[in-house]
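Notes to accompany the following structure.
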Amino acid sequence: MGVRSLVSSLLLAGALVSAHPGHEEKVHAHAALPLERKSLDHCSKQFSEPEFVERTVEIHGREYARLRRSLGLDLDEEPKLRPRDYISVSKIDHKTSKAVTKGMDLSTLFSDSGACMLMPSVDQGPLYVQGEQVRKDITETEPGIKMTLAIQVVDYKTCKVVPNAYVDIWSSNSTGIYTGVQGYPGMGDPKDAGILKLTALRGVQPTDDHGVASFDGLLPGHYDGRATHIHAIVYLGATKQANNTITGGKAAHVGQLYFDQTLIAEIDKNTPYNKNKNKVTLNTNDFLFRQGANGDDPIVRYALVGKTLSEGVFAWIRFGVNTNSNQKVSPAAWMTSSGGVMNPNGPVAQLQRGGFGGGFGGFGRRWLGRGN
Ligand SMILES: *[C@@H]1O[C@H](CO)[C@@H](O)[C@H](O)[C@H]1NC(C)=O
Ligand SMILES: *[C@@H]1O[C@H](CO)[C@@H](O)[C@H](O)[C@H]1NC(C)=O
């Protein structure tokens, strides 16, 4: 069965299931006020339009098929999919995962508009490097469990997809280290400038005509003080330069995405994740997760590509952006034609000038206090 027929049989099944099961579980409980409207619940009608669903399922289905084929798996084989556990985000509790049946799965998963997010304006965190390459595969030689991450960008006002945006993502490696920034506690030898030339697990992708940008990378590791996460900035109106980097435009969305706690526990059983000595911070203990999950769902949905987690994961999420928003981005470093350069006014440089009082814990808390 080809991708097309797979997709159409999925669509058929999809028409029979609720477009976003579990939304009714959402409780908007916490008091923190988002800076902008959160959640894309008001778009559920548009996101359930057959044409919209068809395109989303087709694009995600194509990626999923590509990943399956790379494992030598036939699409006709029963896919061992596991949906992201639907969480009642405000209760900050995960339900157990259940196996879902062939056919219904992909469609249910890919057409589901539940995984939407519109983060409040948090800043970009201390470890952003601006000027990374436009590339789909950001893995380089980093070891770990493969993850293809598809991010769909939509305009939260019109509920329409946003093509020609650039999504810039970055995360730590399997043992919790970020490349490209020198001198952040816990992120390599602060005296070794060699880290500045490293670019792994950082990259930029344009959104296609259905608003989807996708990356081949790894499931990230964790580091002290934060739940496992990936950073993302959505740039609108940026231009690609001759050297395959982007310039200009505005950062319409600055956010972070997260993973099910049950998935993280599974990841951590695998090498080299199990060599990571950093303490695990649970989603529920992460201030920024709570902020993001307050009224919205910043956890990626995912399916295993093969039979086991170690064979890789396909993950997806939808970002709602305010296309009028222009957020201030302060990178820790820039990647330039002469290599990585620390930003003297960037977050890490500033913290170094201010001293790291309180050690890593105090440092982390200070950042959390700022909402990074
Ligand atoms: C993670 O990155 C650091 C810094 O580049 C490197 O020393 C370490 O070996 C990487 N982790 C793994 C598992 O390779
Ligand atoms: C890419 O080109 C721009 C414009 O010339 C330059 O500023 C930037 O340093 C270059 N980046 C890299 C990584 O070569």
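For ligands, and for the atoms within them, numbers begin at 1 and follow the listed sequence.
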Query raised in the report: How far does CD1 of Ile230 sit from CD1 of Ile151, to the nearest 0.5 angstrom?
Result: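 Between Ile230 CD1 and Ile151 CD1, I get 7.5 Å after rounding to 0.5 Å.
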Please write down residue, atom name and distance for the protein heavy atom closest to [atom].
atom	value
atom 11 (N) of ligand 2	Asn243 ND2, 3.0 Å
atom 12 (C) of ligand 1	Thr175 OG1, 3.8 Å
atom 13 (C) of ligand 1	Ser174 OG, 3.4 Å
atom 4 (C) of ligand 1	Ile177 CG2, 3.7 Å
atom 5 (O) of ligand 1	Leu198 CD1, 3.6 Å
atom 9 (O) of ligand 2	Ser337 N, 3.0 Å

Requested in this report: From atom 3 (C) of ligand 1, work out which of Asp189, Leu218, Asn173 has a heavy atom at the shortest distance.
Outcome: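 When every heavy atom of Asp189, Leu218, Asn173 is considered, Asn173 comes closest to atom 3 (C) of ligand 1.
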Query raised in the report: So, Asn276 versus Asn278: side-chain donor-acceptor pair below 3.5 Å or not?
Result: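 The criterion, which ignores hydrogens and geometry beyond distance, is satisfied for Asn278 and Asn276.
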Query raised in the report: Does any donor atom in the side chain of Lys136 or Ser214 lie under 3.5 Å from an acceptor atom in the other side chain?
Result: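 Lys136 vs Ser214: donor-acceptor pair found between side chains.
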Requested in this report: Would you mind telling me if ligand 1 is within reach of the side chain of Ala200, the backbone, both or neither, using heavy atoms under 4.0 Å?
Outcome: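 For Ala200, there is no contact with ligand 1 at all, from either part.
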Query raised in the report: Should we count NZ of Lys157 as having more than 12 external heavy atoms under 6.0 Å?
Result: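 For Lys157, atom NZ is crowded (more than 12 foreign heavy atoms under 6.0 Å).
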Query raised in the report: Does any N or O in the side chain of Ser172 come within less than 3.5 Å of the main-chain N or O of Pro220, such that one atom is a donor and the other an acceptor?
Result: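 Checked: no pair found.
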Query raised in the report: Are any of the heavy atoms in Gly188 under 4.0 Å away from ligand 1?
Result: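 Contact absent.
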Query raised in the report: Would a 4.0 Å cut-off, counted as strictly less than, catch a protein heavy atom around atom 7 (O) of ligand 2?
Result: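 Given the 4.0 Å cut-off, atom 7 (O) of ligand 2 does not count as touching protein heavy atoms.
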Query raised in the report: At their closest point, which heavy atom of Asp208 faces which heavy atom of His210, and how far apart are they?
Result: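 Heavy atoms of Asp208 and His210 come nearest at OD1-N, 2.8 Å.
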Report task. Indicate the atoms forming the closest heavy-atom contact of Tyr178 with Ser171, along with that distance. Result ->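 It is CE2-C, 3.4 Å.
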Query raised in the report: Which ligand 2 atoms are under 4.0 Å away from a heavy-atom of Thr245?
Result: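 Going through ligand 2 atom by atom, the ones under 4.0 Å from Thr245 are 1 (C).
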Query - Ring geometry between Phe314 and His60 (parallel below 30°, tilted from 30 to 60°, perpendicular above 60°) - result: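 Correct class here is perpendicular.
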Requested in this report: Show which atoms of ligand 1 fall inside a sub-4.0 Å distance from at least one heavy-atom site of Pro272.
Outcome: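 Contacts of ligand 1 toward Pro272, numbered from 1: 13 (C).
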